[in-house]
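To start, the structure under review is shown below, and the notes come after it.
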Protein chains: 2
Amino acid sequence: MSVVNCELNKSLIGIFDSGIGGLTVVKAIQAALPFERIIYFGDTARVPYGPKSEVTIRKYAADDTAILMRYQPKVIIVACNTVSALALDIVEKACGDVPVIGVLKAGAELAVQVTKNNRIGVIGTQATVGSNAYARAINELNPDIEVISKACPLFVPLAEEGFINHLATKLVAEHYLAEIRTEEIDTLVLGCTHYPILREIIEATIGSGIRIIDSAEAVALRTRELLLESGQLNRSQKASVPNLLVSDLPQKFSMLYQLFMGSELPDVHLVEV
Amino acid sequence: MSVVNCELNKSLIGIFDSGIGGLTVVKAIQAALPFERIIYFGDTARVPYGPKSEVTIRKYAADDTAILMRYQPKVIIVACNTVSALALDIVEKACGDVPVIGVLKAGAELAVQVTKNNRIGVIGTQATVGSNAYARAINELNPDIEVISKACPLFVPLAEEGFINHLATKLVAEHYLAEIRTEEIDTLVLGCTHYPILREIIEATIGSGIRIIDSAEAVALRTRELLLESGQLNRSQKASVPNLLVSDLPQKFSMLYQLFMGSELPDVHLVEV
């Protein structure tokens, strides 16, 4: 455990999630904004947030924001769908002037831009789908859009077990997506940060001609726009590995980091929550 | 929500688990001891225990025991493998004269009795297998026994999603059990209370000639012995549905109860932890 280098704090992009799923956002940010430095907090001690009460989730959201605010980021990205749905106002309040981008709204916005037939599918965890938050966010932008949602609870454990190209995952995807396939959607939102790991199988199962909206990519695009608008985009700073903060270090963390990021685990800093 | 009927408290068998998995123990107790009344507490608000620290698990174990002790049970069964491994002493202390039976020790004892070639396989969650608790319990009884363990993290979500006879589950079982199948075990312990739900697929995959030890059944046998020895066995009292206490009522609870018990959900009592 070492201390996070604070030298270039002002230029950091802060990202937090309830666990490791938000690493897909880190990866998307690295791809879209290769010169930015990132600080990531994963609340691995208290994951998952989804099944917890709203009061608890709002408290956790405030904690997570406070942890990142210590590093004076220029933007905070909420990679957690649950916090995006239930506690974005708490994060915004705790951030003051620092802009906040939520993964849910970014995904919903991109889906609304992309759909041509106004029929959007959304897949996510039981908690996200049960909250109806994507449908609400999409219908706030365009009330004429029909949103068809489906919870896919096995996708997270399958992704975390590394069953990326396994026939079992293909069969599970066929089971979950059978109904949504008959709904004539033209756009499918991956409403869980784990799902990009299984994108290939999901894409092959949902069928051709359906545009996949990866919320992680959507949030990266939105962040790029925001930094361009505010003139805070780094164009030449040396890129580096993300600074990683976690509240617990699970046994499988190194394997999972490798799976999500495709690279070796850098130094990790343990934070008490 | 109603108040648990306390009339026949003295004859209650108390069972607790971190969540709903312990319902397989309830079912096994009902089969082995059809005239006993059961009170079950599932700590559904704080599940899972496995990934949490030992200090926290020991605190939760004390809480869970205290909740059941209010009903003056004649025996307390720890259906949670994590508590059985890390906090059985806490439960025993809190129970005073009331005997305590842990699912882990009961399963280990039965496996040791059954094995002929002294090669026992154990499957369980990452937390249970990582703790090495079954191997320790087995080797305390017989140090000559070779224990081969394998974590099967997808079995719990597959069981909870009702993928009981699904080809995806068969493929996952083949993946997990491939190695253990080459180890010439003659006994396989289902070291997780969820696994009896998938027993058929596990049994078919591990191959014939291997005796499956269902910890839930083992604990029921041990409870029967204990009640016979102490003269506390009910032989004619009218059987009834179990009294159910939970700390949270997840959306899927009714479906899961049906899946685990094969009957409709009776009244459930919400307890604060």
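Convention: sequence-line order gives letters A, B, ...; per-chain numbering from 1.
- Counting heavy-atom neighbours within 6.0 Å of B/Glu174 CD, excluding the residue itself, gives a total above 12.
- When each of B/Leu167, B/Leu154, B/Thr44 is checked for heavy-atom pairs under 4.5 Å with chain A, B/Leu154 comes out on top.
- Ranked by heavy-atom pairs under 4.5 Å with chain A, the first of B/Ser53, B/Ala45, B/Pro153 is B/Pro153.
- In this structure, B/Glu183 places its CD atom where more than 12 heavy-atom neighbours from other residues, nucleotides or ligands lie under 6.0 Å away.
- Enclosure of atom CD in A/Gln258 by more than 12 non-hydrogen atoms of other residues, nucleotides or ligands within 6.0 angstrom is indicated.
- Contact annotation for B/Lys252: only side-chain heavy atoms (C-beta onward) come within less than 4.5 Å of a heavy atom of chain A.
- Here the closest non-hydrogen pair linking B/Val172 and A/Ala168 is CG2-CB, 3.8 Å.
- Ring geometry for B/Phe163 versus A/Tyr176: interplanar angle of 30 to 60°, hence tilted.
- The CD atom of B/Gln126 sits 11.0 Å away from the CD atom of A/Glu160 when rounded to the nearest 0.5 Å.
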